[in-house]
Amino acid sequence: MWYRGGPVDPRAGGDALVPVAAEAAETLPHWSPLRRFAEFADAPGPADPSAGYAADAVTLLHQAFLGHRDRKAARDALESACCIGVTGVYTMSPEDHGGLAADALTVATSRAGSWTTRPAPAP
């Protein structure tokens, strides 16, 4: 969800992190963590578009291991986890280890040097 300003290719670099989060609707269930993360992530230095997913992974692991170090218990906890993360609402199950719904994705388009969002196409 976050891309560097400048060239269309987000891997090409740029000076400031430009969060697409500024355009996110307040009606999103994950609006608050998204905005907090965007404020934290808008700092000089290298950035990675997958940073939001990494933050969510750390949060899910923290919740899974909270109060113990048992891997089996953590796995069971992850397979029934529900977490409001930076990139969306995770609802995990033994059949769905990804946890995000298809409509959690946002399409970001670069036009005239700035990023804009539009709804993802229907599956």
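Owing to the predicted nature of the structure, the values given are computational and were not obtained by experimental measurement.
- Taking each heavy atom of F65 and D70 in turn, the nearest pair found is CE2-O, 4.0 Å.
- Looking only at side-chain heavy atoms (C-beta outward), P33 and I84 come within less than 4.5 Å of each other.
- Side-chain atoms of D56 come within 3.5 Å of backbone atoms of V86 as a donor-acceptor pair (strictly under, hydrogens ignored).
- For the side chain to side chain donor-acceptor pair (under 3.5 Å) with S32, the lone residue among R35, R36, H30 that qualifies is R36.
- Side-chain contact check for H97 versus E79: some heavy-atom pair is nearer than 4.5 Å.
- V58 and L78 fall into different hydrophobic clusters, where Ile, Leu, Val, Met, Phe, Trp and Tyr side chains are chained together by heavy-atom contacts under 4.5 Å.
- Under the 4.5 Å side-chain criterion, counting only non-hydrogen atoms from C-beta, Q63 is in contact with C83.
- Test L60, L66, T59 against H62 for side chain to side chain contact (heavy atoms under 4.5 Å, CB included) and you get one pass: L66.
- Between L100 and T87 there is a side-chain heavy-atom pair separated by less than 4.5 Å.
- W31 and V89 fall into different hydrophobic clusters, where Ile, Leu, Val, Met, Phe, Trp and Tyr side chains are chained together by heavy-atom contacts under 4.5 Å.
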